Structures are given as C-alpha cells and as structure tokens.
Amino acid sequence: MTYVDPVILATHSVKLEPLAHDHEAGLRAAAADGELWNLRVTSVPMPDETSGFIETALKDREAGHRFAFAVIDEASGTVLGTTSFHDILPEVKRVEIGHTWYAKRAQRTHINTTCKLLLLTHAFDTLGCNVVGWRTDNFNYASQRAIERLGAKKDGVIRGQKLRRDGTIRDTVMYSLHRGEWPEVRAHLNYLLSRPRS
C-alpha cells in the first residue's frame with residue numbers, strides 16, 4: 001500500500017481523478033487553450049509531449065513519489081488541466097502540491113481554489129499530513145500570489161535549484177502550510193467558494 005492511494009475527489013462541480021492515458025486528448029486541448037507550453041515559467045507539455053508527460057506521471061506514481069490527477073469539469077466531463085501530490089514523504093507525513101496547470105479559460109476562476117480545497121482536505125484529513133508544501137519558479141509571480149492567497153507561508157528561496165525548459169537555471173520559491181494552520185485556511189477557502197461567481 002502506498003501513502004497516496006488512487007482516489008477520486010470532487011466538490012463544487014470539479015472532479016480530480018487519477019491521471020491516465022485516457023486523459024491525453026483532453027490534456028492536449030487544455031494546454032492548447034492559451035498555448036500554455038510557451039509560458040517560460042511552467043512545465044506544460046507541448047502537444048506532441050503530452051503522452052510522455054502522462055507516462056512520466058504514471059512512472060512517478062508507481063515509484064511512490066508523485067500522484068497526478070486530471071482536473072475535470074463535472075458537468076461537461078471536459079479536462080481542464082492537471083495537478084499533483086509530489087515529493088511525497090510518508091516518514092514525515094509531508095506532501096507537496098504542484099505540477100499544476102489549467103486551460104486558460106479555467107484560470108482566474110473557482111477551479112484552482114476548489115482543487116486546493118480538495119487536495120488539502122485529503123492531505124490533512126485523510127492522509128494525516130503534518131505539512132503540505134509548494135514550490136514555484138521565482139519569476140512565476142502569478143503562482144506565488146495564488147499560493148499566498150491560500151494562506152501558505154513562504155519558507156525561502158532555493159537558488160539555482162533546477163533547469164527550465166529553455167536551459168536557464170531557475171531559483172525556486174518554497175512555501176508550506178502546517179497542520180495547525182489548516183482549520184483557518186479551510187474556513188477561508190470555503191468562504192471564497194461560497195461567494196457568488198460571476
């Protein structure tokens with residue numbers, strides 16, 4: 001038995017289901033909405049890399065250090081993007097949330113807040129995590145703002161941490177949320193989702 005077992009999570013018309021090859025066409029379409037692979041500070045696969053992206057995620061799942069989900073609009077069944085638990089450390093009860101991207105039409109909507117509520121609830125309330133972390137490119141300011149809006153705390157910056165797709169070396173900004181902070185964050189996320197949507 002692995003620390004993160006296959007599970008489907010759903011609320012507010014959003015469903016997270018284990019990423020599979022069946023999601024390839026939907027994931028390609030989601031990435032094409034905004035040509036997201038051209039964004040320098042993300043790792044969205046190019047159309048011809050989508051199958052490899054899924055295969056890598058499945059191998060990582062088998063190895064036990066990443067569990068990727070497809071983000072699905074429940075009403076239409078459309079794939080909106082993907083998100084993952086990664087850097088899974090059962091011995092200290094810690095996971096990180098990342099490898100997250102959404103079709104342009106899903107950005108700046110309730111989708112990200114809903115996904116984070118689902119993942120955080122599962123991490124803290126089901127897996128019993130002590131800490132949930134995030135990491136992002138130092139130039140991905142939109143991601144940093146989104147993580148900070150969740151209530152996560154900035155831990156620091158790892159300089160020269162990894163290569164970007166364009167060959168430049170990125171600094172990585174690290175964030176975390178501790179178990180004791182979760183009740184307040186959960187209340188805040190539920191409040192955000194209870195407001196009328198435009």
Side-chain angles (χ1 to χ4, degrees), residues 1-31 43-45 50-103 106 109-135 143 146-147 150-152 175-183 185-190 192-194:
M1 186 167 135
T2 57
Y3 188 56
V4 181
D5 290 314
V7 65
I8 294 175
L9 308 171
T11 191
H12 295 283
S13 302
V14 176
K15 179 170 65 171
L16 302 182
E17 58 186 39
L19 186 65
H21 284 293
D22 291 348
H23 298 116
E24 182 178 347
L27 215 55
R28 279 179 185 243
S43 55
V44 179
T50 307
S51 179
F53 176 89
I54 295 172
E55 188 60 36
T56 298
L58 295 177
K59 287 178 181 175
D60 288 348
R61 179 188 305 170
E62 188 174 330
H65 54 79
R66 178 179 169 203
F67 194 102
F69 295 90
V71 180
I72 311 289
D73 176 80
E74 280 198 295
S76 65
T78 304
V79 177
L80 299 174
T82 183
T83 189
S84 297
F85 287 126
H86 66 95
D87 284 78
I88 298 168
L89 301 174
E91 63 277 12
V92 294
K93 296 186 176 180
R94 176 188 169 101
V95 299
E96 294 187 30
I97 295 172
H99 299 274
T100 301
W101 52 268
Y102 308 108
T109 69
H110 75 290
I111 302 299
N112 185 55
T113 303
T114 303
C115 288
K116 294 306 184 286
L117 177 64
L118 288 167
L119 292 171
L120 288 167
T121 300
H122 191 67
F124 286 118
D125 298 350
T126 301
L127 302 178
C129 287
N130 294 315
V131 181
V132 174
W134 291 263
R135 59 182 70 192
S143 177
I147 294 167
L150 295 170
Y175 291 88
S176 65
L177 182 71
H178 286 246
R179 169 179 287 283
E181 299 163 335
W182 167 231
V185 168
R186 175 171 48 200
H188 181 61
L189 294 177
N190 279 313
L192 292 176
L193 291 169
S194 72

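Residue numbers run from 1 in the order of the sequence given. Note that this is a predicted model, so its numbers are computed, not measured.
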What's the verdict on side-chain contact (heavy atoms from CB on, under 4.5 Å) for Phe69 and Thr82, showing C-alpha distance, side-chain angles and the deciding distance?
CA-CA 6 Å; Phe69 295 90; Thr82 183; 5.6 Å; no
Quick one: does [X]'s side chain get under 4.5 Å of [Y]'s, heavy atoms only?
X: Asn130; Y: His178; answer: no
X: Val14; Y: Asp73; answer: no
X: Ile8; Y: Leu16; answer: no
X: Cys115; Y: Ile97; answer: no
X: Leu119; Y: Thr83; answer: yes

Under the ring pair (Phe, Tyr, Trp, His ring centres under 6.0 Å) rule, what do His86 and His65 come out as? Steps first, then yes or no, please.
CA-CA 6 Å; His86 66 95; His65 54 79; 9.6 Å; no
Run the numbers on Asp5 and Phe67 for side-chain contact (heavy atoms from CB on, under 4.5 Å), then give the verdict.
CA-CA 8 Å; Asp5 290 314; Phe67 194 102; over 6 Å; no
Quick test of your reading of the model: are Arg94 and Asp87 salt-bridged, counting only N-O distances below 4.0 Å?
no
Taking all heavy atoms of [X] and all of [Y], pick out the closest pair and write down the distance.
X: Pro45; Y: Trp101; answer: CD-CZ2, 3.6 Å
X: Val95; Y: Ala123; answer: CG2-CB, 4.1 Å
X: Cys129; Y: Tyr3; answer: SG-OH, 3.6 Å
X: Val7; Y: Pro18; answer: O-CD, 3.4 Å
X: Ile72; Y: Leu80; answer: C-CD1, 4.4 Å
X: Leu150; Y: Leu189; answer: CD2-CD2, 3.6 Å

Might you work through the side-chain contact (heavy atoms from CB on, under 4.5 Å) test for Leu120 and Arg186, ending with a clear yes or no?
CA-CA 8 Å; Leu120 288 167; Arg186 175 171 48 200; over 6 Å; no
Relative to each other, are the rings of Trp182 and Phe124 parallel, tilted or perpendicular (30° and 60° limits)?
parallel
Let's go through Thr114 and Thr11 carefully: what are the C-alpha distance in whole Å and the side-chain angles of both, what is the deciding distance for side-chain contact (heavy atoms from CB on, under 4.5 Å) to 0.1 Å, and is it a yes or a no?
CA-CA 7 Å; Thr114 303; Thr11 191; 3.7 Å; yes
Return yes if some donor-acceptor pair links the side-chain N/O of [X] with the main-chain N/O of [Y] below 3.5 Å, else return no.
X: Arg61; Y: Leu19; value: yes
X: Ser84; Y: Arg66; value: no
X: Thr100; Y: Gly98; value: yes
X: Thr121; Y: Leu118; value: no

Partner of Val71 under side chain to side chain contact (heavy atoms under 4.5 Å, CB included), picked from Thr78, Ile111, Leu27, is Ile111
Rounded to the nearest 0.5 Å, what separation is found between the OG1 atom of Thr113 and the CG atom of Leu117?
9.0 Å
For the NE2 atom of His12 and the CG atom of Asn190, what is their distance to the nearest 0.5 Å?
6.0 Å
By salt bridge (charged side-chain N to carboxylate O under 4.0 Å, His left out) - contacts of Arg179 (at least two apart):
none
Among residues two or more places apart or on two chains, list those pairs meeting side chain to side chain donor-acceptor pair (under 3.5 Å) that have a residue in residues 16-31.
Lys15-Glu17, Glu17-His23, His21-Glu55, Glu24-Arg28
